[in-house]
Amino acid sequence: MTSHDIVVVGHGAAGLAAAIAARQEASRLQLDANVLVIERTSAEESGGNTRWSPSYMRMASTQEIAPGFEQDLLAVSAGRADRDYMHTLAAQAPQTVQWVAELGVDFHRPVYYLAEGPPRIQPVGGGVALLQGLTDAARAHGVRFRYECTARSLACHGTAVGGLEATNASGTVESIPAGAVVLASGGFAGDPQMLREHFGDGAESMRLISPGTRFGAGEGIRMALAIGARRSGDWQGMHAEPVDARSQRSAPVVLVYPYGIVVGDSGRRFFDEGAGLVHETWETFARHMQFRVPGRRAVAILDSKLFDIAGYERAIRSELPPLQADSIEQLAAMTGVDIAGLRATLDDYNRAATGDASRFDATRIDGLRAAQWLAPPKSNWARAIDRPPYLAYPLVGAIAYTFGGIDTNTLGEVRVNAARARDDDAPIIRGLYAAGEITGHFYSLAPNAVAVMRALVFGRIAGTQAARYVSSLRAARRAAI
């Protein structure tokens, strides 16, 4: 058995940030600490969600967070979020992004979908470029990697972690002693059993938004809970988005639904498509399709006025064109939607959508509301659908990540479940750190353009603290001699 000073579980944004920061802090402390990253996949598949994410970050620039950042994070959680955690995220984001830039990752202000919202920055090249830049930096800092190595359980010595057990590429279970462990292995979107347990029947069949999503299989969460970690986040919460049911691509989102109507197989509407900007409604919409709509799918219905919206293509990441027909009846037949139901729904909608169409503005909340008698309401972008050809996108909900995880403090230390705590002096599991999706901390709705940012911020914090902890262990051993 080879002992390591710090073992990081997971090769995404959080894990790589932790590994680099650990090596940098060890160097500052004049500590020759070896850092190992273990990853359950091959090198080519590594990175989890990070590899496939656009990696938008809610920043005005690399030096400044977006206005209202901290308040927005608390608001979308319905007041349930850890204020200290969110304050730390806001305070540390600028210096963390600059740190990543210094490691060789370039950023720019991307063109977002359509709707305006908070300002965002993005690594040039998205998640793939971020992952490659951090991997290169980690190797340059002396971090070692083991692929096809899956963590299974944590080893404890009293209230402290002493390493872990993992299954290697040959299927053999081996012990990996360590002074500190950083868990950065994602959530549980890739585990059908956990999805069904926490979201109910049918959750296990939900589409995964990217090939990397399946690797967030919940092992890290289960390992930590098994040794007494406290839970955090909304265990019935997930980030999900509507995608083209026909496409096999990663994240083929279709985000033009606010500018038309959405119906189930019955031809009837089931939610307010214009309740907010698209990033404020896509989770509700995606979850409705999976858990409330018979057949677990829906169809977005629009007309050729879509083509008049400047840049509408930015809101469609599917490679497939919409279905088109010269009549609603033909479109219904093409999509498998009840013809009479869709005809009646559209007639009702068009009678209600009689506001001043000159107010229509796809980029913001425009207040163009349908008549109040329409149910469900259409709060914005309510224009009649009456100009052929008529368009349809068959849609399903796709899960990107889960909210439930383990609880950490602002130093990335894993907190102890109160029922398992031995005394008031042991509020944490010593030597155990976590960062990224595994840590929960999100409630109600996902804060837009924050997931990768918080993985980097708390990955960096966790790695730094792990190095300091290992340094303290060595100092204690020297003092005992």
Side-chain angles (χ1 to χ4, degrees), residues 14 49 53 56-58 65-66 68-93 117-118 183-184 186-189 191 194-200 203 206 209 213 216 218 220-222 224-225 229-241 271 275-288 290-292 397-410 412-418 434-459 461:
N49 275 335
S53 168
Y56 296 124
M57 302 181 196
R58 191 185 291 208
I65 59 173
F69 180 93
E70 193 171 342
Q71 294 81 1
D72 287 347
L73 297 188
L74 295 172
V76 297
S77 75
R80 299 170 66 191
D82 181 330
R83 289 180 176 271
D84 290 339
Y85 179 92
M86 294 305 178
H87 177 73
T88 299
L89 173 56
Q92 294 289 322
L183 298 176
F188 59 88
D191 185 274
M194 289 185 75
L195 289 177
R196 187 168 55 251
E197 176 185 353
H198 295 290
F199 295 104
M206 194 167 188
I209 202 162
T213 308
I221 295 173
R222 293 191 295 271
L225 294 179
R230 189 162 75 181
R231 294 176 179 237
S232 172
D234 184 351
W235 283 75
Q236 286 76 49
M238 67 167 76
H239 177 50
E241 299 177 14
F271 89 118
L277 298 176
V278 67
H279 65 267
E280 297 170 335
T281 64
W282 54 13
E283 281 180 15
T284 300
F285 177 25
R287 291 188 64 152
H288 267 61
Q290 183 66 22
F291 298 109
R292 298 188 184 182
I399 183 171
Y401 59 84
T402 48
F403 295 174
I406 55 179
D407 193 18
T408 54
N409 60 23
T410 58
E413 299 167 318
V414 175
R415 287 174 166 144
V416 176
N417 182 341
E437 181 187 343
I438 190 174
T439 60
H441 286 294
F442 286 174
Y443 296 86
S444 187
L445 297 174
N448 181 245
V450 169
V452 173
M453 180 194 305
R454 73 122 172 201
L456 295 170
V457 167
F458 285 101
I461 290 172

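Residues: numbered from 1 along the sequence shown.
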> Is NZ or CZ of R454 both nearer than 6.0 Å to the six-membered ring centre of F442 and within 45° of the ring axis?
Replying inline: yes
>> Restricting to non-hydrogen atoms, name the atom on R415 and the atom on D82 that form the minimum distance, rounded to 0.1 Å.
In response: NH1-OD2, 3.3 Å
> Hey, what do you get for CD1 (I438) to CD1 (I406), rounding to the nearest 0.5 Å?
Replying inline: 4.5 Å
>> Please give me the minimum heavy-atom distance between E437 and T402, naming the atom from each residue.
In response: OE2-N, 3.1 Å
>> Test: side chain to side chain donor-acceptor pair (under 3.5 Å). Region: residues 275-286. Which pairs qualify, not counting sequence neighbours?
In response: H239-E283, Y257-T281
> Considering all heavy atoms of both residues, which atom of A90 and which atom of F69 are nearest to each other, and what is their separation?
Replying inline: CB-CD2, 3.6 Å
> Out of curiosity, I209 CD1 to M238 CE, how far, rounded to the nearest 0.5 Å?
Replying inline: 11.5 Å
> Can you name the nearest heavy-atom pair linking R58 to M453, along with the distance?
Replying inline: N-CE, 3.1 Å
> So, T88 side chain and D84 main chain: donor-acceptor pair closer than 3.5 Å or not?
Replying inline: yes
>> Any non-hydrogen side-chain atom of I461 less than 4.5 Å from a side-chain atom of Q92?
In response: yes
> Is the count of non-hydrogen atoms from other residues, nucleotides or ligands lying under 6.0 Å from R292 atom CZ greater than 12?
Replying inline: no
> If you round to the nearest 0.5 Å, how far is CZ of R83 from CG of L73?
Replying inline: 11.0 Å
> Which heavy atom in A189 sits nearest to a heavy atom in I399, and how many Å separate them?
Replying inline: CB-CD1, 3.9 Å
>> As a quick check of understanding, evaluate side-chain contact (heavy atoms from CB on, under 4.5 Å) for V450 and L89, giving each step before the final call.
In response: CA-CA 9 Å; V450 169; L89 173 56; 3.8 Å; yes
> Any donor and acceptor pair, going by atom type alone, linking the side chain of Y85 with main-chain N or O of T410 inside 3.5 Å?
Replying inline: no
>> Does the plane of the ring in W235 sit parallel, tilted or perpendicular to the ring in F188? Use 30° and 60° as the thresholds.
In response: parallel
> Nearest heavy-atom pair of P118 and N448: which atoms, and what distance?
Replying inline: CG-OD1, 4.5 Å
> What distance separates F291 CZ from F199 CZ, expressed to the nearest 0.5 Å?
Replying inline: 6.5 Å
>> For H441 and T408, which I'm curious about, is there any donor-acceptor pair between the side chains at under 3.5 Å?
In response: yes
>> When you compare the side chain of T213 with that of Y401, does any pair of heavy atoms fall below 4.5 Å?
In response: no
